[in-house]
Amino acid sequence: MAETTGAKFLSQAEFARHRGVSRKAVTTWKQKGLLVLDGSGRVDVEATERNLDQRPATYRGGVTHRPVRGKDGNSATHAEAAPKPAPKPAPEPRPAPPDPGEDQEEPFDPDNPNLPTAIAVRRKENWLGLHRKQIVERDGGKLVDREAAEALFFETARDLRDAWLAWPARVAIVMADELKIDARTLTTVLTAHVHQHLAELGEPDVTYHDLDRLRRSWRRSLTPPPNLNVVEWAEKYRRLSKESSNGGRFVVSRVEVARGPMLWATEPGVRVLTLMACTQLLKMTVIENIIGRFAHVDPCPILGVLPKDDAAETFSKDRLAPMIRDTKVLRDLFGDAKSRDAGSTLTHKQFPGGHVTLVGANSPTNLAMRPIRLLVCDEIDKYPLSAGGEGPPIDLAEERQAEFKANSLSVRACSPTIAGRSAIESSYDESDQRKPFVCCPHCAAWQAMEWEQVKFDKDEGGKIITASARYECVSCEQPWTEAQRLVALRKIEWRQTASFTCCGENQVPEQWAPEAYGVRRALCRSCGCEAIPNDHAGGQASKLYAPKQTIKETVAKFARALRRGPEALRTFFNTQLARTWKEGADAPEWQDVYARRDDYLAGTVPAGALILFAGADVQKDRIEVTVWGFGRNRERWLIEHRVLTGDTSRSEVWTELEAMFSETWEHASGAEMMVRDWGIDSSAFTAEVYAFVRSQAGRGNVHAIDGQDSYSGAFLGLGNKDSTAKGKKLRRGLKTVRVGASFAKQELMGCLGLQRPSGDAPFPAGFVHLPRDIPEDGVRQLTAEELVVSVSRGRTRREWVPIGGRRNEWLDCANYARGLAAMRGWDRWRETHWLGLEDALGIQRTTIAPAAEIATPAVAAGSLADRNLKRSPGALGCRRLRSAPSPRRSVTAPRGRGTPVSWSARTPRRCSCSGAIRATR
């Protein structure tokens, strides 16, 4: 074997042993033409190895090069398969590969696939050795992964940066209290200086080498986020989803009216932002951009509240997820939407520095389970009045912002609904009431676009001509074309419009400061200072500001709503004009009722009130009692309202109520008056009220009230409540007074709407008098309900519902007193009864001159008129003037504060023919 190893020609078997391969491999090489054979079939070793060495190092049997054919007669196969080709010159010999032991080596080329086998094997072994050495040194703690080190440096510096960014809000409250300044202003100033300091420590504008990667990672993580407002962030980073009608880059000028509300989110001093806007204009755009900006630029815990849990899931799928998917900075922040981990679910998405959580307003647990800084409430008019009986959902959610008092923000958005019950209307009324102003193209007068300035013509049949619709300037009354309206919408100024008190006078904004943060603040016309605080920014916008809906289209919707009825009109006012809808018999405005108070004080009885009735409303922790005085002409006076505090399941508060039964109230004439009847509501605490009324049976004037939804009358009769074991009602058992609550409310609302007459003119029938010192809350409660007319299953239903945010104990007490007065016959009392009440009170009446003698008219003899004249005692023969003794009436009228006495008198009777009063014998 040793002799044949260095031979130039070997047999195929010997060549296989020489290469250390099998015979099959040599046969395969032969078939592929890699073997160089001589005429006797022996293998030319040097030429064959040259062919084999030309293959790539990763060669595994595939043909990558055309095989080099040997001399004539390479193999019998070639000779038999085809005629022998012309002889080719032998390839020039390739330089022998260097010896592995030599130090010199050709440069390493990673792109060269044709490394010699020996060199490739040696380099592989060297790499494996170095790799094993790195593993040993890493396990021994001598080496650290550079990427892990960079990540560690970055995260450590980022934690320091975030701690500095959170520092102003954490210490501003304490510092502001010590310096006696506003905490939010101090937070804004400190935050600006911290940003500037971190920017100086951050990454400078130079190029670093690879050796400085750790240092660069550290300084890059210290760089503060860009200080962008919502508009700047949206136009730089936001990309609208393909589901949007304006896909691609976000451009705020497409809906210019949305610029102001987005700027308010970063306005210094703003804590609450209210948007009462029409549908499909700006609400959702503003909410999405605020969430995106805070998540990217100013990370913090964010809570989104929707009416129900399924609405929260829909918002996540249709709004939040597409915004994250199409906005690169948010996609990098939140990660891949397809990834599944504990920090990302449909309604809870985490990102560095905060999270976005979406909950339903009907779940008090979700509303109160985590601290938050940014609260976003959408469609708040659809929220339940109470979340699980624990209170209003917005109040529960805003309590979670206590940890971020210095820089928290609450956003409320919705289209309005029913006047007095709309939560967004109440929130807007509490704000500075900002409205968008545009410039007239004719007279350059700035004005807020209102529906009253939309004009249109009607045909002979009274139908609206849509083609004639136009908007007219409030100043010059010139009509605007649609093109002029679109030009006017390119420049919008939001201005504060809420009334305010400054320099000792109530003012309506007439002057405004230059625009800043998307709003012009109102100025006092006397001192010139900013008079309206901006802690609660509120904006209202209608479809008149929509660039994609023309005035004619808006009028066409109004005409269609007119044809369809009240429900369609309500939808038009809510969704198109961003206004509340007043339906049914509304209660009068409490401000108007409060403005027409009388001059008497609570606790005194005016001269016109001749009898007293009282109603009591029972609550869990108190009893509220109102005493009303009733007089002629269906007029009534509120005498006193008293709140008896105490647990109504205990006897103390009932003892206090019993003591009121013996009290008296001073009449204007000087007499002391007691309440004729007391009515106590038995609907809520039936057992307690029934037991108390039974204990007062000896008085005969304490009644249990059973209020019913009826328009038949104020007094509906008595109801027997006690019965025998067999179910038979006891005639002498407890009886309740059934009061038509709906009738009483409708009557009271109409009477409260009456205006005070001017001069010495008499009061209109049914006028309700209120004392001068009545609190505003009392008037609010008297007007706390409104009549709502709804259609359900083809039937019209009229229902009195409370106006949002108001209690109604004063109203209920007034209804109970009205029912008791009707039970005693107040509605049908004649003048003789009122005269008797006046005599009981000792009221001196002026003497009325006797009626002048009237000549007897000439009548035909024997006629019916002649017989009546002969039958009558006077000249006119009016039978109603005959004297008749009045029945004995007992009126409780105490002498001073002593024991009440009974009196009887014969009262005069009034002639219905002449109206004169004549004394009886």
Side-chain angles (χ1 to χ4, degrees), residues 180-182 184-185 260 264 267-274 276 419-420 425-440 443-450 452-453 473-475 492-540 579-580 587-602 752-759 769-783 803 805-806:
K180 307 302 180 182
I181 60 177
D182 181 61
R184 299 183 76 90
T185 303
W264 305 341
E267 178 183 350
V270 173
R271 299 186 181 185
V272 181
L273 197 161
T274 297
M276 185 170 69
E425 179 194 31
S426 300
S427 181
Y428 179 75
D429 291 341
E430 296 170 357
S431 70
D432 54 6
Q433 300 178 17
R434 305 178 181 186
K435 290 186 178 181
F437 281 64
V438 296
C439 183
C440 175
C443 65
W446 287 87
Q447 58 195 283
M449 300 182 69
E450 301 290 350
E452 287 74 15
Q453 295 306 120
C473 174
V474 69
S475 179
I492 293 179
E493 291 184 355
W494 285 87
R495 301 181 180 182
Q496 293 178 327
T497 62
S499 59
F500 60 92
T501 301
C502 188
C503 298
E505 59 177 335
N506 296 327
Q507 303 181 34
V508 176
E510 299 176 353
Q511 301 175 3
W512 292 270
E515 183 175 352
Y517 297 97
V519 63
R520 296 188 64 181
R521 303 278 298 274
L523 301 178
C524 174
R525 59 171 172 258
S526 299
C527 63
C529 65
E530 295 180 350
I532 303 179
N534 69 331
D535 58 330
H536 189 166
Q540 180 184 18
R579 293 185 179 182
T580 54
E589 296 294 337
W590 72 269
Q591 296 90 341
D592 298 337
V593 179
Y594 186 77
R596 64 169 185 77
R597 294 164 294 166
D598 286 41
D599 293 332
Y600 71 98
L601 297 177
L752 288 173
L754 298 176
Q755 299 298 322
R756 175 179 291 276
S758 59
H769 302 265
L770 302 176
R772 185 174 69 249
D773 54 348
I774 184 175
E776 292 184 1
D777 183 66
V779 182
R780 286 176 181 267
Q781 293 195 40
L782 285 175
T783 58
I803 298 175
R806 301 190 195 178

**Q** Less than 4.5 Å apart, any side-chain heavy atom of Ser475 and any of Cys440?
**A**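 Sidechains of Cys440 and Ser475: no contact.
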
**Q** Measuring from Gln540:CD to Lys435:NZ, what's the distance to the nearest 0.5 Å?
**A** 5.5 Å

**Q** With a 4.0 Å cut-off, would you call Arg579 and Glu452 a salt bridge?
**A** yes

**Q** So do the side chains of Cys502 and Ser526 get within less than 4.5 Å of each other, counting heavy atoms only?
**A** no

**Q** Who are the side chain to side chain contact (heavy atoms under 4.5 Å, CB included) partners of Pro268, not counting sequence neighbours?
**A**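 With sequence neighbours excluded, Pro268 shows a side chain to side chain contact (heavy atoms under 4.5 Å, CB included) to Thr188, Tyr517, given in chain and number order.
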
**Q** Check Cys524 against Gln507 and note the closest heavy-atom contact, atom names and distance.
**A**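 Closest heavy-atom pair between Cys524 and Gln507: SG-NE2, 3.2 Å.
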
**Q** Less than 6.0 angstrom from the centroid, inside 45 degrees of the normal: does Arg520 satisfy that with respect to the ring of Trp446?
**A**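 Cation-pi check for Arg520 and Trp446: fails.
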
**Q** Taking all non-hydrogen atoms of both residues into account, name the closest pair between Ile492 and Pro436 and its distance.
**A**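 Answer, listing the atom of Ile492 first, then Pro436: CG2-CB, 3.6 Å.
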
**Q** Between Thr497 and Phe437, what is the shortest heavy-atom contact and its length?
**A** CG2-CE1, 4.0 Å

**Q** Just by modelled atom types, is the Val474 backbone N or O under 3.5 Å from a matching donor or acceptor in the Gln447 side chain?
**A**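 Looks like yes, one N/O pair under 3.5 Å.
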
**Q** Looking at Ser431 and Ala537, what are the two nearest heavy atoms and their distance?
**A** CB-C, 4.1 Å

**Q** Enter the distance from Ile774:CD1 to Arg597:CZ here, rounded to the nearest 0.5 Å.
**A**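 Reported value, rounded in 0.5 Å steps: 8.5 Å.
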
**Q** Under the 3.5 angstrom rule, does the side chain of Arg806 hit a backbone N or O of Thr783 as a donor-acceptor pair?
**A** yes

**Q** With sequence neighbours left out, write down each residue that passes side chain to side chain contact (heavy atoms under 4.5 Å, CB included) with Gln755, or none if nothing qualifies.
**A** none

**Q** Nearest 0.5 Å, please: how far is CZ in Arg780 from OH in Tyr594?
**A** 10.5 Å

**Q** List the residues meeting side chain to side chain contact (heavy atoms under 4.5 Å, CB included) with Asp598, not counting sequence neighbours, and say none if there are none.
**A**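 With neighbours one apart ignored, the set is Tyr600, Arg756, Phe767, His769.
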
**Q** Could you give the distance from CD (Glu530) to CH2 (Trp512), rounded to the nearest 0.5 Å?
**A**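 It is 14.0 Å, given to the nearest 0.5 Å.
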
**Q** About how many Å separate CZ of Arg495 and CD of Gln511, when rounded to the nearest 0.5 Å?
**A** 11.5 Å

**Q** Of all the heavy-atom pairs spanning Gln496 and Ile532, show the shortest one and how long it is.
**A**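 That closest heavy-atom pairing would be OE1-CB, 3.6 Å.
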
**Q** Do Leu770 and Val593 have side chains that get closer than 4.5 Å, going by heavy atoms?
**A**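 They are in side-chain contact.
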
**Q** Would you check if the side chain of Trp264 reaches a backbone N or O of Gly518 as a donor-acceptor pair within less than 3.5 Å?
**A**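 Yes, Trp264 side chain to Gly518 backbone: donor-acceptor pair under 3.5 Å.
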
**Q** Can you name the nearest heavy-atom pair linking Tyr428 to Thr274, along with the distance?
**A**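 Distance-wise, the nearest heavy atoms are N-CG2, 3.9 Å.
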
**Q** Report yes if the side chains of His536 and Ser427 come closer than 4.5 Å at any heavy-atom pair, otherwise no.
**A** yes

**Q** Is a donor on one side and an acceptor on the other found under 3.5 Å between the side chain of Arg596 and the backbone of Gly753?
**A** no

